[in-house]
Amino acid sequence: MIEVLLSIHKGHCRNILSGAKLIEIRKSYPKKDELSYYKCYLYETKADGGAGAIVGECFINGVTPIHSNFPLPYKEWIANKACIGLDYLIDYQKDSTVYAWNVSRVKQYNNPKLLEEFGLHKAPQSWCYIKKDQSLS
């Protein structure tokens, strides 16, 4: 199974951990697995007072491309599930395709984990693959 580390701002991370955010919108996704099912570690960035550590994990159960020509009601539904505004989604997307990562099986850690525990020295800009020997599982 593929494992990735996702850098995410505090508010979005908290929404995932609480179960409110069911979709994460990204401009790319891990393409090594045809089923698009993978484990995702949540690195809460230091921005806005975030932990600067890996605070939990989830599974991504499928990825759905969102094309720029999709109807607004569908985009509005996606934005709602992603806990973002429709205007934010449209601005982020511009005229390109973005991807809805379907979040499931969320687990918050009691004790956040450091990047070094995964063999990393800095967080990725968006996300990165984790090698099996780097992960804690």
Side-chain angles (χ1 to χ4, degrees):
M1 175 185 301
I2 293 174
E3 296 181 346
V4 299
L5 177 73
L6 179 70
S7 289
I8 188 163
H9 286 206
K10 181 180 178 179
H12 295 300
C13 189
R14 297 298 167 190
N15 282 336
I16 287 175
L17 293 172
S18 74
K21 186 175 176 72
L22 302 175
I23 292 175
E24 174 62 17
I25 303 294
R26 294 289 164 143
K27 291 185 179 179
S28 64
Y29 67 97
K31 298 178 179 102
K32 290 185 176 182
D33 186 348
E34 291 298 318
L35 298 177
S36 297
Y37 181 79
Y38 47 93
K39 188 172 190 174
C40 183
Y41 296 97
L42 303 171
Y43 174 81
E44 185 178 275
T45 66
K46 293 180 182 178
D48 301 320
I54 299 160
V55 297
E57 63 187 55
C58 64
F59 283 85
I60 303 302
N61 186 16
V63 174
T64 305
I66 310 300
H67 303 289
S68 59
N69 63 350
F70 277 18
L72 282 179
Y74 181 70
K75 286 185 181 183
E76 188 171 33
W77 182 84
I78 291 290
N80 184 47
K81 296 291 183 188
C83 295
I84 58 175
L86 177 60
D87 291 340
Y88 178 87
L89 175 60
I90 291 169
D91 185 55
Y92 181 73
Q93 182 176 31
K94 298 190 178 22
D95 289 329
S96 63
T97 299
V98 294
Y99 301 92
W101 297 21
N102 300 305
V103 176
S104 65
R105 296 175 53 195
V106 178
K107 175 182 174 184
Q108 183 170 0
Y109 297 152
N110 291 328
N111 299 308
K113 301 177 187 322
L114 301 176
L115 289 170
E116 291 79 11
E117 295 179 56
F118 287 77
L120 299 171
H121 301 289
K122 66 177 190 170
Q125 182 70 26
S126 180
W127 62 271
C128 69
Y129 292 103
I130 297 292
K131 295 178 186 170
K132 289 292 184 190
D133 61 335
Q134 289 175 316
S135 71
L136 301 173
S137 43

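None of the values given here were measured: they were computed from a predicted structure.
Within 6.0 Å of atom CD in Q125, 12 or fewer heavy atoms from other residues, nucleotides or ligands are found, so the atom counts as exposed in its surroundings. No more than 12 heavy-atom neighbours from other residues, nucleotides or ligands sit within 6.0 angstrom of NZ on K46. Within a 6.0 Å radius of NE2 in H67, more than 12 heavy atoms belonging to other residues, nucleotides or ligands are found. In this structure, N110 places its CG atom where only 12 or fewer heavy-atom neighbours from other residues, nucleotides or ligands lie under 6.0 Å away.
Taken from CG in N15 to SG in C13, the straight-line distance is 9.5 Å, to the nearest 0.5 Å. Atom CD1 of I25 sits about 11.0 Å away from atom CH2 of W101, to the nearest 0.5 Å. Remark: F59 CZ to K107 NZ distance equals 9.5 Å, nearest 0.5 Å. Summarising the geometry, atom NZ belonging to K113 is positioned 8.5 Å from atom CD1 belonging to I54; distances are rounded to the nearest 0.5 Å. The OG1 atom of T45 lies 8.5 Å from the CD1 atom of I8; values are rounded to the nearest 0.5 Å. The CG atom of D91 lies 11.0 Å from the CG atom of L86; values are rounded to the nearest 0.5 Å.
Proximity of a side-chain donor or acceptor of E44 to a complementary backbone N or O of A51 within less than 3.5 Å is detected. At least one donor-acceptor pair closer than 3.5 Å links the side chain of S7 to the backbone N or O of P124. Using modelled atom types, one side-chain atom of N102 and one backbone atom of G62 make a donor-acceptor pair closer than 3.5 Å. Without hydrogens or angle criteria, K75 side chain to S68 main chain gives a donor-acceptor distance under 3.5 Å. Checked by atom type and distance alone, the side chain of Q93 never pairs as donor or acceptor with a backbone atom of I90 at under 3.5 Å. Under a 3.5 Å cut-off, the side chain of K27 and the backbone N or O of V98 do not form any donor-acceptor pair.
Linking Ile, Leu, Val, Met, Phe, Trp and Tyr residues whenever their side-chain heavy atoms come within less than 4.5 Å places L17 and I60 in a single cluster. Linking ILVMFWY residues whenever their side-chain heavy atoms come closer than 4.5 Å, directly or via other members, places L89 and I23 in the same cluster. Under a hydrophobic-cluster definition in which Ile, Leu, Val, Met, Phe, Trp and Tyr are linked whenever side-chain heavy atoms come within less than 4.5 Å, directly or via other members, Y99 and Y74 are assigned to different clusters. Both W127 and L42 are part of a single hydrophobic cluster, where members link through side-chain heavy atoms under 4.5 Å apart.
Annotation for A123 and Y43: closest pair CB-CE2, 3.3 Å, computed over non-hydrogen atoms. Across T97 and P65, no two heavy atoms sit closer than the pair CG2-CB, 3.9 Å. Contact detail for I16 and V106: the closest heavy-atom pair is O-CG1, 3.6 Å. Taking all atoms of both residues into account, the shortest heavy-atom contact from Y38 to I2 is CB-O, 3.1 Å. Taking every heavy atom of both residues into account, A53 and P112 meet most closely at CB-CB, 3.7 Å. Residues H9 and D48 approach most closely at ND1-OD2, 4.2 Å, considering heavy atoms.
In summary, of the residues considered (L6, V4, V55, L5), a side-chain contact (heavy atoms from CB on, under 4.5 Å) with Y41 occurs for L5 alone.
By the 6.0 Å and 45° rule, K31 stacks over the aromatic ring of Y29.
Taking the centre of each ring, W77 and F70 stay at or above the 6.0 Å mark.
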